[in-house]
Amino acid sequence: MPELPEVEIIRRGLAKRIIGDSITAIDIKVPKMFRGDPKAILHTPIIDVRRIAKVMIIDFANGQSLLIHFKMTGQLIYVKAGDVAIGGHPEKVYEQPLPHKHTHIIYHLKDTATLYYNDLRKFGWHWVVSTTKAAEMLGAEFAGVDVISPGFTLTFLENFLQSRPNRPIKEAIMEQRFIAGLGNIYAAEALWQAKVRPDRKVKSLKDNEIAALYKGIKHVIDLSLKYGGSSFNSYVDAAGKQGAFLKYAEVYKRSKDSLGHQIERIKQGGRTTHFCPVCQK
DNA sequence: GGAAATGTTATTGT
DNA sequence: AACAATAACATTTC
């Protein structure tokens with residue numbers, strides 16, 4: 001999925017457009033991606049668009065909710081005459097008339113608008129559950145403290161890290177069940193900001209390094225929200241503004257950082273980590 | 001042909 | 001049992 005700031009931006013764009021509207025029909029082309037009863041959310045007004053961690057939640061007046069997880073390559077596109085909002089993973093194959101080969105679920109809205117869900121890898125899912133049970137159904141994996149919520153404080157980070165002394169720092173801050181929303185890109189960027197190597201063990205970090213990391217996380221998330229919330233430039237709002245966070249990335253997919261240092265790539269927990277061996281100690 | 005891709009999630013191992 | 005490491009998911013691009 002897009003990472004958290006991106007989901008947040010999609011949420012805002014969607015909330016502006018679909019609250020008050022309702023769904024008249026749903027085309028499900030890949031049944032395994034849809035859980036629950038699609039009929040349960042038809043012809044009932046949309047009253048809210050929320051987010052838990054990286055999960056989008058659309059609440060309906062009849063007490064049902066639609067949960068959408070984008071995973072790595074999901075994309076949600078709102079189309080109405082003269083208004084297009086796109087959010088999610090950008091791919092060349094997505095740049096063609098909708099619906100296309102990778103459009104798996106289509107929501108038809110009463111207000112002559114259409115929501116297209118595209119997903120190249122089909123990792124994402126859509127799930128209809130009752131609103132009161134949404135958080136419970138998502139479970140502990142999604143109960144982490146949201147990085148853009150007031151609960152994400154320096155004290156929280158310190159306490160959490162204390163419980164994980166032997167983990168590499170990058171893997172620790174990517175544990176979604178404790179910290180919701182830091183994905184592979186932002187974790188790497190935050191560590192660059194903090195000048196801490198991603199493979200350092202948590203217990204080797206000094207207090208001031210943890211404080212720098214906390215600031216780095218905040219900075220990177222704020223920057224991303226500011227520049228369109230998109231880790232890639234796939235988001236277009238009604239005014240045609242594109243998200244462009246990656247232009248400001250220091251290490252992710254870069255060969256050099258802004259100081260001209262060569263970026264190294266290593267493997268951590270099955271994911272590629274980018275870092276600068278000169279800046280990060 | 002091989003590797004990697006923004007993320008979970010299921011399975012296996014300790 | 002709890003936790004950590006690994007494979008799996010599906011498809012495209014480099």
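Only this structure's heavy atoms are used, side chains among them; waters, hydrogens and symmetry mates stay out. Per chain, numbering begins at 1; letters A, B, ... match sequence-line order.
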Counting only pairs under 3.5 Å, give me each side-chain donor-acceptor contact of residues 27-46 of chain A, with atom names and distances, residues two or more places apart or in other chains.
{"residue": "Asp27(A)", "atom": "OD2", "partner": "His108(A)", "partner atom": "NE2", "Å": "3.2"}
{"residue": "Asp37(A)", "atom": "OD1", "partner": "Lys39(A)", "partner atom": "N", "Å": "3.0"}
{"residue": "Thr44(A)", "atom": "OG1", "partner": "Asn62(A)", "partner atom": "N", "Å": "3.2"}

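- One interatomic measurement links the two molecules: CE of Met72(A) to P of dA10(C), which rounds to 14 Å at whole-angstrom precision.
- With both ends at atom C1', the span from dT6(B) to dA4(C) equals 23 Å, rounded to whole Å.
- Partners of Glu209(A) by salt bridge (Lys or Arg N to Asp or Glu O under 4.0 Å), not counting sequence neighbours, listed by chain and number: Arg200(A).
- Between Tyr116(A) and Tyr78(A), a ring centre-to-centre spacing not shorter than 6.0 Å is recorded.
- For the pair Gln268(A) CD and dG7(B) P, the computed distance is 14 Å after rounding to whole Å.
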Pairs under 3.5 Å (Watson-Crick or G-U), crossing ones as [ ], inter-strand ones as |: DNA chain B comes out as .||||.||||||||
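- Residue Phe275(A) shares its hydrophobic cluster (ILVMFWY side chains chained together at separations under 4.5 Å) with Ile266(A).
- Taking every heavy atom of both residues into account, Ile19(A) and Asp48(A) meet most closely at CD1-CA, 4.0 Å.
- Counting to the nearest Å, the P atom of dG7(B) and the CZ atom of Phe178(A) are 18 Å from each other.
- Spacing of P atoms, dT12(C) relative to dT8(B), comes out at 23 Å, to the nearest Å.
- For dA4(B), neither phosphate oxygen OP1 nor OP2 lies less than 4.0 angstrom from any side-chain nitrogen or oxygen of Arg265(A).
- The phosphate of dT8(B) (OP1 or OP2) has a side-chain N or O of Gln176(A) nearer than 4.0 angstrom.
- Between Tyr107(A) and His126(A), the angle of the ring planes stays under 30°, which puts this pair in the parallel group of the 30/60° scheme.
- Atom pair Lys54(A):NZ and dT8(B):C1' shows a separation of 9 Å (rounding to whole Å applied).
- At least one side-chain nitrogen or oxygen of His69(A) sits closer than 4.0 Å to the OP1 or OP2 atom of dT8(B).
- With distances taken from any side-chain atom of Phe142(A) to the nucleotides dT12(C), dT9(B), dG7(B), the minimum falls on dT9(B).
- Trp125(A) places its CH2 atom 6 Å from the P atom of dT9(B), with the value rounded to the nearest Å.
- Here the C1' atom of nucleotide dA10(C) and the CG atom of Asn118(A) are 15 Å apart, to the nearest Å.
- Annotation: side chain of Ile217(A) is in contact with side chain of Phe152(A) (closest heavy-atom distance under 4.5 Å).
- dA4(B) and dT6(C) have their P atoms separated by 15 Å, given to the nearest Å.
- Between Thr73(A) and dA10(C), a side-chain N or O to OP1/OP2 separation shorter than 4.0 Å is absent.
- Minimum atom distance to the side chain of Lys267(A) is reached by dA4(B), of the listed dA4(B), dT12(C), dG7(B).
- For dT11(C), the OP1/OP2 oxygens have no side-chain nitrogen or oxygen of Lys101(A) closer than 4.0 Å.
- The nearest whole Å value for the distance from the CD atom in Gln75(A) to the C1' atom in dA5(B) is 15 Å.
- The CZ-C1' distance, from Arg271(A) to dG7(B), rounds to 6 Å in whole Å.
- Set against dA5(B), dT6(B), dT11(C), the side chain of Asn184(A) has dT6(B) as its closest nucleotide.
- Using a cut-off of 4.0 Å between Lys/Arg side-chain N and Asp/Glu carboxylate O, Arg164(A) and Glu175(A) are scored as salt-bridged.
- Relative ring orientation between Tyr117(A) and Phe70(A) is described as tilted, the plane-to-plane angle lying within the 30° to 60° band.
- Put simply, Tyr252(A) has a side-chain N or O that comes within less than 4.0 Å of OP1 or OP2 on dT6(B).
- Arg265(A) meets the salt bridge (Lys or Arg N to Asp or Glu O under 4.0 Å) test with no other residue; sequence neighbours excluded.
- For the P atoms, the distance linking dT9(B) with dA1(C) amounts to 22 Å, nearest Å.
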Would you list the protein and nucleotides 1-9 of chain C atom pairs, both N or O, that sit under 3.5 Å from each other?
{"residue": "dA5(C)", "atom": "OP2", "partner": "Arg167(A)", "partner atom": "NH2", "Å": "3.2"}

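- The aromatic rings of Phe156(A) and Phe160(A) lie parallel to each other, with less than 30° between the two planes, well short of the 60° mark.
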